**Student:** 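Dropping a structure here in C-alpha cells format, bear with me for questions.
This one's a predicted model, so the numbers in the text were calculated from it and none came from an experiment. These values consider heavy atoms only, across backbone and side chains, with no hydrogens, waters or symmetry-generated copies.
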Amino acid sequence: MRGFLTIILLTLSNVFMTLAWYGHLKFAATPRFSKLGLFAIILISWGIAFFEYCMQVPANRIGFLENGGPFSMWQLKVIQEALSLFVFTFIAIFLLGAGEIKWNYIVSFAFILAAVYFAFMK
C-alpha cells in the first residue's frame with residue numbers, strides 16, 4: 001500500500017511540476033497572462049510548485065525504506081524521473097499542444113524505462 005501511495009503522490013507531484021515548469025510557456029497565447037512580466041510568471045510558477053512539494057515530500061517520506069516504505073532513495077529518484085517524463089509527455093501533447101512524439105523520444109523513454117528496471121535489480 002505504501003508503494004502504491006508513493007507512486008500516486010509522485011504522479012500528482014509531477015503534474016504540478018510540469019505545469020509550473022512548462023505551463024507558463026503558453027501564457028503568451030492567453031490574454032489574461034500575455035502582458036505579465038518575468039517576475040510575475042516566476043511567482044505564479046512558484047505558487048503551482050508549492051503543490052508539487054505538498055505531494056513530493058510526503059511521497060518520499062512514505063516510500064522511503066528507512067521510514068517503513070518499500071523503496072531506497074535511489075529507487076525513489078528513478079521512479080520520480082520516469083514518472084516525470086510520462087506526465088510531461090501527456091501534458092505536453094494534450095494540454096500544451098507540443099506536437100507529435102518522434103521516434104528518438106520513444107527511444108529515449110525506453111532507456112528511462114531500462115533505468116527503472118536496472119534500479120530495481122537485486
**Student:** Considering residues at least two apart in sequence or located in another chain, which fulfil the side-chain contact (heavy atoms from CB on, under 4.5 Å) criterion with Ala92?
**Tutor:**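 Ala92: side-chain contact (heavy atoms from CB on, under 4.5 Å) contacts with Phe88, Ala98.
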
**Student:** State which residues pass salt bridge (Lys or Arg N to Asp or Glu O under 4.0 Å) with Lys77; sequence neighbours excluded, sorted by chain then number.
**Tutor:**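 With sequence neighbours excluded, Lys77 shows a salt bridge (Lys or Arg N to Asp or Glu O under 4.0 Å) to Glu81, given in chain and number order.
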
**Student:** For the atom pair CG (Asn67) and CZ (Arg2), what is the distance rounded to the nearest 0.5 Å?
**Tutor:**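 It is 7.0 Å, given to the nearest 0.5 Å.
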
**Student:** Do the side chain of Ser34 and the main chain of Pro31 share a donor and acceptor less than 3.5 angstrom apart?
**Tutor:**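 Checking the backbone N and O of Pro31 against the side chain of Ser34, a donor-acceptor pair under 3.5 Å is found.
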
**Student:** About how many Å separate OH of Tyr53 and CE of Met17, when rounded to the nearest 0.5 Å?
**Tutor:**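 OH of Tyr53 is found 10.0 Å from CE of Met17.
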
**Student:** Side-chain contact, heavy-atom cut-off 4.5 Å: Phe33 with Ile44?
**Tutor:**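 Yes, their side chains come closer than 4.5 Å.
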
**Student:** Return yes when atom CZ of Phe109 has more than 12 non-hydrogen atoms of other residues, nucleotides or ligands closer than 6.0 Å, and no otherwise.
**Tutor:**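 Buried by this count: over 12 neighbours within 6.0 Å.
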
**Student:** Side-chain heavy atoms under 4.5 angstrom apart, residues restricted to Ile, Leu, Val, Met, Phe, Trp, Tyr: same cluster for Phe51 and Tyr22?
**Tutor:**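 Shared cluster, yes.
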
**Student:** Got a sec, which residues hit side chain to side chain donor-acceptor pair (under 3.5 Å) with Ser13, two or more places apart in sequence or on another chain?
**Tutor:**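 If we apply the side chain to side chain donor-acceptor pair (under 3.5 Å) test to Ser13, skipping adjacent residues, the hits are Gln56.
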
**Student:** Taking side-chain contact (heavy atoms from CB on, under 4.5 Å) as the test, write out the residues that go with Val87, two or more places apart.
**Tutor:**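 Checked Val87 against side-chain contact (heavy atoms from CB on, under 4.5 Å); matches are Thr11, Asn14, Val15, Thr18, Ile91.
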
**Student:** Do Val57 and Ile79 share a hydrophobic cluster (ILVMFWY, side-chain heavy atoms under 4.5 Å, transitive)?
**Tutor:**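 Cluster IDs for Val57 and Ile79 differ.
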
**Student:** If Ile, Leu, Val, Met, Phe, Trp and Tyr residues are connected whenever their side-chain heavy atoms lie under 4.5 Å apart, and connections chain through other members, are Leu36 and Trp21 in the same group?
**Tutor:**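 Yes.
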
**Student:** Apply side-chain contact (heavy atoms from CB on, under 4.5 Å) to Met121 and list each qualifying residue two or more places apart in sequence or on a separate chain.
**Tutor:**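 With neighbours one apart ignored, the set is Tyr117, Phe118.
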
**Student:** Below 4.5 Å, heavy atoms only, C-beta onward: do Thr6 and Asn60 meet side chain to side chain?
**Tutor:**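 The answer is no, as the side chains (C-beta and beyond) never meet within the 4.5 Å cut-off.
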
**Student:** Would you compute the distance between atom CZ of Phe64 and atom OG of Ser72 and round it to the nearest 0.5 angstrom?
**Tutor:**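 The OG atom of Ser72 is 8.0 Å from CZ of Phe64, to the nearest 0.5 Å.
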
**Student:** Should we count CZ of Phe120 as having more than 12 external heavy atoms under 6.0 Å?
**Tutor:**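 Correct, the count exceeds 12.
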
**Student:** How about Leu9 and Ile62: do any of their side-chain heavy atoms sit closer than 4.5 Å?
**Tutor:**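 Leu9 vs Ile62: side chains touch.
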
**Student:** Checking Ala119 now: which residues fulfil side-chain contact (heavy atoms from CB on, under 4.5 Å) with it, not counting sequence neighbours?
**Tutor:**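 By the side-chain contact (heavy atoms from CB on, under 4.5 Å) rule, Ala119 matches Val78.
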
**Student:** If Ile, Leu, Val, Met, Phe, Trp and Tyr residues are connected whenever their side-chain heavy atoms lie under 4.5 Å apart, and connections chain through other members, are Phe86 and Ile7 in the same group?
**Tutor:**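 Different clusters: Phe86 never reaches Ile7 through Ile, Leu, Val, Met, Phe, Trp or Tyr contacts under 4.5 Å.
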
**Student:** How long is the gap from CG on Leu85 to CG on Leu113, to the nearest 0.5 Å?
**Tutor:**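 Separation between the atoms: 9.0 Å.
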
**Student:** So Leu65 and Leu76, do their side chains get closer than 4.5 Å, heavy atoms only?
**Tutor:**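 Leu76 does not reach Leu65 side chain to side chain.
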
